[in-house]
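Have a look at the structure below, then the notes.
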Amino acid sequence: MNLNKVFENNEIWIKEKLAKDTNYFEELGQGQNPELLFVGCSDSRVTAEELMGLGPGEAFVHRNIANMVISIDLNAMSVVNYAVEHLKVKHVVVCGHYACGGVKAAMQSADLGILNPWLRNIRDVYRMHRDELNAIEDQENRYDRLVELNVQEQCVNLIKTAVVQKAARQRGLVVHGWVFDVHTGKLIDLKIDFEKYLKDIMEIYHLD
Ligand code: CO
């Protein structure tokens with residue numbers, strides 16, 4: 001990759017934006033008011049804004065390996081806290097993707113060093129849904145299903161946080177689980193029943 005090309009692309013992008021709206025960057029510089037927090041995988045194919053057709057200022061984005069929401073991850077928790085409590089986003093999305101390298105690694109027995117504790121959170125998802133997953137004979141189908149169940153469990157992890165619980169109660173914040181199909185480009189809504197999970201787990205996880 002020629003990095004000079006990146007700067008040339010940037011100049012072209014600025015010209016395109018200004019051709020449509022001469023005040024574009026003045027307005028962009030005023031601040032942000034995104035309505036969506038997108039938690040996705042760092043995978044280079046999961047281009048958050050591009051696949052949603054959104055532009056600058058429209059999505060607050062957090063990406064890590066396998067779109068995880070881990071309660072002791074100060075980075076992810078800071079992003080969630082800031083987006084929900086301060087930016088007051090209306091929607092929080094966890095977006096997984098098929099052919100996720102992180103999920104695949106968690107299905108194999110291999111010592112991956114520093115990645116082990118991270119990927120163990122995906123192994124925990126497998127353990128929680130072991131019966132369903134082991135009943136799927138086709139390896140690829142089982143892999144796809146783990147991607148979906150991982151998204152579901154990361155949504156549940158979001159619901160376990162005090163900020164999300166409070167925002168859901170006070171102003172109707174909703175958590176969504178999506179999967180991006182890298183083979184077709186399609187974004188799939190897993191239609192996770194946010195209300196159900198909110199009720200189901202509150203006996204144990206209620207904070208606020
Ligand atoms: Co991935």
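Remember, it's 1-based here, ligands and their atoms both numbered in the order they're listed. Just so it is clear, the values below take in all heavy atoms, side chains as well, and ignore hydrogens, waters and symmetry mates.
Protein contacts to the Co ion (ligand 1) involving N, O or S atoms at a distance below 2.8 Å are C41 SG, H97 NE2, C100 SG.
Listed by first then second residue, pairs satisfying ring-ring contact (aromatic ring centres under 6.0 Å, His included) with a partner in residues 118-154 number zero, not counting sequence neighbours. Each side-chain hydrogen bond (donor to acceptor under 3.5 Å, both in side chains) pair with one or both residues in residues 23-34, not counting sequence neighbours, would appear here, but there are none.
Across every non-hydrogen atom of H97 and N67, the tightest pair is N-OD1, 4.4 Å.
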Handout entry: ring-ring contact (aromatic ring centres under 6.0 Å, His included) assessment of F60 paired with Y82
Key = CA-CA 10 Å; F60 203 68; Y82 186 68; 5.7 Å; yes
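Counting only N and O atoms by type, the side chains of Q165 and Y205 include no donor and acceptor under 3.5 Å apart.
For N157, the side-chain contact (heavy atoms from CB on, under 4.5 Å) test picks out V69, Q154, K160, with sequence neighbours left out.
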